[in-house]
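Note that the coordinates shown come from a computational prediction; the quantities given were computed from them, not determined experimentally. The residues of the chain are indexed from 1 along the displayed sequence.
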Amino acid sequence: MTIKKKEAIVTWDCDVPREKLSDVSYAIYLHWEYEMEVKGCGKEIVLILPDDLPTPICVQVAPVLHDKNCPNASEICLNPVYTGRNEMEENIQCITYNISSIKCTWTFAKNLPHETNFSLTLIQDATIIHCQQYAYDMEMRTGYCSFHDLTINYFENVLVMLSKKGSEDHVLKDYFKPADKELFNPPRNLTLTYLEDNVLLSWKPPHTQYDVSESCFIYQMEKNKELTSDVSNPHFINIETKCSVRIRVKGENICGMNENWGQWSEEISCGAPQEVDKTLIIFWIPFLVLSCFLITSTIIISLQYQRISKLFFPRIPQPKIFLDETQDYKTNTRSDPLFHILSTSETEDFITLQENN
């Protein structure tokens, strides 16, 4: 329920099997005074609020089956706050997101003092949690606060109360099941498998804080900006030249889950794989073979450098070393016993001959 000035705008979800929806209508009460009967569900109705209506304002919705009223009814009560002219907190809305977080938003009037602070509290059975992360947008007349890392029962009602700090009189309330208002994360692990004539798209359901059957999820696919609902997992896609696809998910009402669409997954390409030009392969093969040969040859030459250099470039004796060795030989011949027998000229010829050799 949303209260704006003198109107109460009411919507509700139906906990009725789809095959029974045509047999069910809903009776609307304002403070248990009958107002109207509405066929079907998911509609938005507007109730005109009298000036003398007591607060909090309470609306009851009861199912009617085959013209018989159900003895039980769902009820919501809001306490609009009037602290002066144009200073009314109008409504509070909460959503569950990112598996274990709840974010609440409320609106207030333009003339609300800037120094006004609020206190937001979440209650479930004996669990009481005070919100810590407040943010205000005075231009949009909006306040925000988020609860993180919650360990609550998502299928049991929680009460969220908003009040001004220092005052217990002015309170807005939201009473709901966290699973009813969960904004699901995108499906996980999107995978494309290319077959001969088409593409097989598969994924995994989003993480949740609770155990739930995969049949409780409904998927929607956007392919090339065109939407397709009730997509099965896995799903076959026709091969096209250009193709992009993304997936989002919502819950089944019969499973007690939120029927609003969650966040989109990242967009992935599902176009036909490009064929490799065979002429390019033939063109590059000789270059690859030549490159391999050059690299291999370089490695072998580097490892066998000394052996190859000796083979092709033998060492040339140095003249100075050769003369030194010859001079030593010349000196040693003087001590030989035959030296005295030989004449001086013969000795000189002998030495000359040795030098020439």
- Query: Nearest 0.5 Å, what's the CD-CG distance between Gln124 and Leu150?
  - Reply: 9.5 Å
- Least distance between heavy atoms, Tyr210 atom then Met257 atom: OH-CE, 4.1 Å
- Between CD1 on residue Ile237 and SG on residue Cys243, distance to nearest 0.5 Å: 5.5 Å
- Working for ring pair (Phe, Tyr, Trp, His ring centres under 6.0 Å), residues Trp106 and Tyr144: CA-CA 7 Å; Trp106 61 92; Tyr144 312 88; 7.6 Å; no
- Task: Would you mind reporting whether Ile57 and Leu30 have side-chain heavy atoms less than 4.5 Å apart?
- Result: yes
- Exercise: do Gln133 and Ser146 side chains pair donor with acceptor under 3.5 Å: no
- Query: Shortest non-hydrogen contact from Ala179 to Phe155?
  - Reply: CB-CE2, 3.8 Å
- Query: Can you find a heavy atom in the side chain of Met221 that is under 4.5 Å from one in the side chain of Leu227?
  - Reply: no
- Item | Contact summary for Gly262 and Leu183, nearest pair of heavy atoms | CA-CD1, 3.7 Å
- Message: How long is the straight-line distance from CG of Asn157 back to OH of Tyr175, given to the nearest 0.5 Å?
- Response: 4.5 Å
- How far apart are the C-alpha atoms of Ile76 and Cys58, what are their side-chain angles, what is the distance that settles it, and do they pass the side-chain contact (heavy atoms from CB on, under 4.5 Å) test? CA-CA 6 Å; Ile76 183 171; Cys58 296; over 6 Å; no
- How far apart are the closest heavy atoms of Ile218 and Trp261, and which atoms are they? O-CZ3, 3.3 Å
- Would you call Tyr219 and Pro187 a side-chain contact if the rule is heavy atoms closer than 4.5 Å? yes
- Message: Taking the side chain as everything from C-beta on, heavy atoms only, tell me whether Arg248 gets closer than 4.5 Å to Phe184.
- Response: no
- Are the side chains of Ile45 and Trp12 in touch, meaning some heavy atoms are under 4.5 Å apart? yes
- Task: Mind checking the CG-NE2 spacing from Asp230 to His235? Nearest 0.5 Å is all I need.
- Result: 11.5 Å
- Note on the structure: Residues at least two apart in sequence or cross-chain that pass side chain to side chain contact (heavy atoms under 4.5 Å, CB included) with Lys68, listed by chain then number, are none
- Task: Under the salt bridge (Lys or Arg N to Asp or Glu O under 4.0 Å) rule, collect the residues that match up with Asp180, sequence neighbours excluded.
- Result: none
- Message: Would you say NZ of Lys204 has more than 12 non-hydrogen atoms from neighbouring residues, nucleotides or ligands within 6.0 angstrom?
- Response: no
- side-chain contact (heavy atoms from CB on, under 4.5 Å) between Val64 and Tyr26, intermediate numbers included: CA-CA 5 Å; Val64 180; Tyr26 292 87; over 6 Å; no
- Message: Quick one, Lys181 with Asp174, criterion side-chain contact (heavy atoms from CB on, under 4.5 Å). Give me CA distance, side-chain angles, the key distance, then yes/no.
- Response: CA-CA 12 Å; Lys181 296 192 174 185; Asp174 195 6; 3.1 Å; yes
- Is there a donor-acceptor pair closer than 3.5 Å between any side-chain N or O of Ser244 and the backbone N or O of Glu267? no
- Message: Between Asp23 and Lys39, does any NZ, NE, NH1 or NH2 come within less than 4.0 Å of an OD or OE carboxylate oxygen?
- Response: no
What pairs of donor and acceptor atoms, side-chain ones from residues 93-104 against any protein atom, are under 3.5 angstrom apart with sequence neighbours left out?
from	atom 1	to	atom 2	distance (Å)
Thr96	OG1	Pro178	O	2.9
Ser101	OG	His148	ND1	3.0

- Does a side-chain heavy-atom distance below 4.5 Å link Ile128 with Thr121? yes
- Message: Could you walk me through whether Leu159 and Leu122 satisfy the side-chain contact (heavy atoms from CB on, under 4.5 Å) test, starting with their C-alpha distance in whole Å, then the side-chain angles of each, then the deciding distance to 0.1 Å, before giving a yes or no?
- Response: CA-CA 6 Å; Leu159 174 63; Leu122 184 146; over 6 Å; no
- Message: Looking at every heavy atom in both Val158 and Ile152, which two are closest together, and how far apart are they?
- Response: CG1-CD1, 4.0 Å
- Query: Side-chain contact, heavy-atom cut-off 4.5 Å: Gln263 with Asn185?
  - Reply: yes
- Message: So which atom in Thr208 and which in Glu182 form the shortest heavy-atom distance, rounded to 0.1 Å?
- Response: CG2-OE2, 4.5 Å
- Query: When rounded to the nearest 0.5 angstrom, what is the spacing between OG in Ser25 and CD in Glu37?
  - Reply: 3.5 Å
- Message: Students often mix this up, so state it plainly: with edges at 30° and 60°, are the rings of Tyr29 and Tyr34 parallel, tilted or perpendicular?
- Response: perpendicular
- Query: Under the salt bridge (charged side-chain N to carboxylate O under 4.0 Å, His left out) criterion, do Arg246 and Glu222 qualify, and how do the steps go?
  - Reply: CA-CA 5 Å; Arg246 58 180 183 168; Glu222 183 186 74; 2.7 Å; yes
- Query: Does Thr191 reach the main-chain N or O of Asn189 with its side chain, forming a donor-acceptor pair under 3.5 Å?
  - Reply: yes
- Item | Value rounded to 0.5 Å, distance of CG in Leu190 from CD in Glu266 | 9.5 Å
- Task: Please say whether more than 12 non-hydrogen atoms of neighbouring residues, nucleotides or ligands are located less than 6.0 Å from NE2 in His31.
- Result: yes
- Message: Less than 4.5 Å apart, side chain to side chain, heavy atoms only: is that true for Leu120 and Val160?
- Response: yes
